[in-house]
Amino acid sequence: MSAIMGSSFSFLSLADIGCNDDLPETQSTLEGNALQKARFVFKRYNMSCFADDTGLEVEALNGEPGVYSARYAGPERNAEANMDLLLKKLEEKPNRSARFRTVIALIDQNGEHLFEGIVEGTILREKRGAEGFGYDPIFQPQGYTHTFAEMPLAEKNQVSHRARAVEKLCAYLKQNQ
């Protein structure tokens, strides 16, 4: 977040405020999970805060893995197993269209706000690249010839779903300082 937001804002991490809790994520939507986490921190620590949730939504799989992206192959949150399962489910599918979607929930003195960022792309048939995390080695964003895992972080931060949601959050914060 710091790399995307730059020096326009300073913010505290969960560790900075003494929050070592495992934040709840029990909702069935990205919006629900982002709000649940932000509400948890807001109620416990009584300060403005934001939280996000991100999912990979694959068209041929009716939006899977979606809200379950991190735990797609099981509760261990194993990125390699998640990618392997996704690639197996897509083996016979010609449609490889997918999108990454991030939702940021902000709670401040003006209430609750949601900011969404989406990047469209394609799921490749093989993993490429060593940067990033999660599904980055098999996701090629639209208009690019390389995967998120092949991009330097600075480039990914300019085009990613999270960057797009953060831009909207920053615009709101600048307007409402």
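Predicted model, so just to flag it, every value in this text is computed and none were measured.
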Visitor: Go through it in stages, so that I can follow the logic: the residues are Ser97 and Glu120, the test is side chain to side chain contact (heavy atoms under 4.5 Å, CB included), and I'd like the CA-CA distance, side-chain angles, deciding distance and then a yes or no.
Guide: CA-CA 8 Å; Ser97 296; Glu120 302 287 344; over 6 Å; no
Visitor: Do Leu35 and Leu173 share a hydrophobic cluster (ILVMFWY, side-chain heavy atoms under 4.5 Å, transitive)?
Guide: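 No, Leu35 and Leu173 fall in different hydrophobic clusters.
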Visitor: Going from CZ on Arg164 to CZ on Arg162, what distance comes out if it is rounded to the nearest 0.5 angstrom?
Guide: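 So the gap between those two atoms works out to 13.5 Å.
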Visitor: Quick one: are Leu153 and Glu131 in side-chain contact, heavy atoms under 4.5 Å?
Guide: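 No; the side chains remain at least 4.5 Å from each other.
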Visitor: Could you check whether the rings of Tyr172 and Phe115 sit parallel, tilted or perpendicular, using 30° and 60° as the cut-offs?
Guide: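 Rings of Tyr172 and Phe115: tilted, 30 to 60°.
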Visitor: Around atom CG of Asn110, are there more than 12 heavy atoms of other residues, nucleotides or ligands at under 6.0 Å?
Guide: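 Result for CG/Asn110: enclosed.
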Visitor: Is the backbone N or O of Thr26 less than 3.5 Å from a side-chain atom of Gln36, with the two atoms forming a donor-acceptor pair by type?
Guide: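 Yes; at least one donor-acceptor contact below 3.5 Å.
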Visitor: Determine whether Met151 and Asn157 make a side-chain contact, defined as any pair of heavy atoms from C-beta on separated by less than 4.5 Å.
Guide: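 Met151 vs Asn157: side chains apart.
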Visitor: Write out all pairs satisfying salt bridge (charged side-chain N to carboxylate O under 4.0 Å, His left out) with one or both partners inside residues 168-177, taking only residues at least two apart or from two chains.
Guide: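 Passing the test, one end in residues 168-177: no pairs.
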Visitor: With heavy-atom distances below 4.5 Å as the criterion, would you say the side chains of Glu155 and His146 are in contact?
Guide: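 In contact.
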Visitor: When hydrophobic residues are tied together by side-chain contacts of less than 4.5 Å, even through go-betweens, does Leu114 share a cluster with Ile104?
Guide: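 No, Leu114 and Ile104 fall in different hydrophobic clusters.
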Visitor: To the nearest 0.5 Å, how far apart are NZ in Lys127 and CD in Glu150?
Guide: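 Here the interatomic distance stands at 14.0 Å.
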Visitor: With rounding to the nearest 0.5 angstrom, report the NE2 to CZ distance, His161 to Arg99.
Guide: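 Nearest 0.5 Å value for the NE2-CZ distance: 12.0 Å.
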Visitor: Measuring from atom CE of Met83 to atom CG of Leu56, what distance do you get when rounded to the nearest 0.5 angstrom?
Guide: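 Those atoms lie 11.0 Å apart.
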Visitor: Identify, with sequence neighbours excluded, every residue that meets salt bridge (charged side-chain N to carboxylate O under 4.0 Å, His left out) alongside Asp53.
Guide: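 Scan of Asp53 (salt bridge (charged side-chain N to carboxylate O under 4.0 Å, His left out), adjacent residues dropped) gives none.
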Visitor: For Glu76 and Asn82: C-alpha separation, side-chain torsions, deciding distance, then whether side chain to side chain contact (heavy atoms under 4.5 Å, CB included) applies.
Guide: CA-CA 10 Å; Glu76 307 82 32; Asn82 289 340; over 6 Å; no
Visitor: What are the two closest non-hydrogen atoms of Ala38 and Ala105, and how far apart are they?
Guide: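 Scanning both residues completely, I find the closest heavy atoms to be CB-O, 3.9 Å.
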Visitor: Using a 6.0 Å distance limit plus a 45 degree cone around the ring axis, check whether Lys156 lies over the aromatic ring of Phe133.
Guide: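 Cation-pi check for Lys156 and Phe133: passes.
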Visitor: Between Asp21 and Lys37, is the closest basic N to carboxylate O distance under 4.0 Å?
Guide: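 Answer for the salt bridge query: no.
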Visitor: Side-chain heavy atoms under 4.5 angstrom apart, residues restricted to Ile, Leu, Val, Met, Phe, Trp, Tyr: same cluster for Leu14 and Ile107?
Guide: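 Not linked; separate clusters.
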Visitor: So, for Arg125 and Lys93, which heavy atoms are closest and what is the spacing to 0.1 Å?
Guide: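 For Arg125 and Lys93, the tightest heavy-atom pair comes out as NH2-O, 3.9 Å.
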Visitor: Side chains of Gln27 and Val67: does their closest heavy-atom pair fall under 4.5 Å?
Guide: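 No; the side chains remain at least 4.5 Å from each other.
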Visitor: Do Phe50 and Phe40 land in one hydrophobic cluster if side-chain heavy atoms of ILVMFWY residues count as linked below 4.5 Å?
Guide: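 No.
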Visitor: Do Thr147 and Phe139 come within less than 4.5 Å of each other through their side chains, counting heavy atoms only?
Guide: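 They are not in contact (no side-chain heavy atoms under 4.5 Å apart), so the answer is no.
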Visitor: Could you walk me through whether Asp108 and His113 pass the side chain to side chain contact (heavy atoms under 4.5 Å, CB included) check?
Guide: CA-CA 8 Å; Asp108 65 7; His113 316 276; 3.0 Å; yes
Visitor: Are Val166 and Phe148 grouped together when hydrophobic residues (ILVMFWY) are joined by side-chain heavy atoms under 4.5 angstrom apart?
Guide: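 No, Val166 and Phe148 fall in different hydrophobic clusters.
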Visitor: At what distance, to the nearest 0.5 angstrom, does CD1 of Ile17 lie from CE of Met47?
Guide: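 Between atom CD1 of Ile17 and atom CE of Met47 there are 5.5 Å.
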Visitor: Tell me whether Lys89 is salt-bridged to Glu64, with the criterion being a basic N under 4.0 Å from an acidic carboxylate O.
Guide: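 Yes.
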Visitor: Looking only at heavy atoms, which two atoms of Val58 and Pro65 are closest? And how far apart?
Guide: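 Of all heavy-atom pairs spanning Val58 and Pro65, the closest is CG2-CD, 4.2 Å.
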Visitor: Quick one: pull up OG in Ser69 and CG in Leu30 and give me the separation to the nearest 0.5 Å.
Guide: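 Between Ser69 OG and Leu30 CG, I get 7.5 Å after rounding to 0.5 Å.
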Visitor: Start with the C-alpha distance between Val41 and Leu23, add both sets of side-chain angles, then the distance that settles side chain to side chain contact (heavy atoms under 4.5 Å, CB included), and finish with yes or no.
Guide: CA-CA 8 Å; Val41 173; Leu23 299 183; 4.0 Å; yes
Visitor: Identify, with sequence neighbours excluded, every residue that meets side chain to side chain contact (heavy atoms under 4.5 Å, CB included) alongside Thr122.
Guide: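 Testing Thr122 for side chain to side chain contact (heavy atoms under 4.5 Å, CB included), a comparison that skips the adjacent residues, returns Arg96.
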Visitor: Near Glu126 CD, under 6.0 Å, is it more than 12 heavy atoms from other residues, nucleotides or ligands?
Guide: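 Atom CD in Glu126 is packed in, count exceeds 12.
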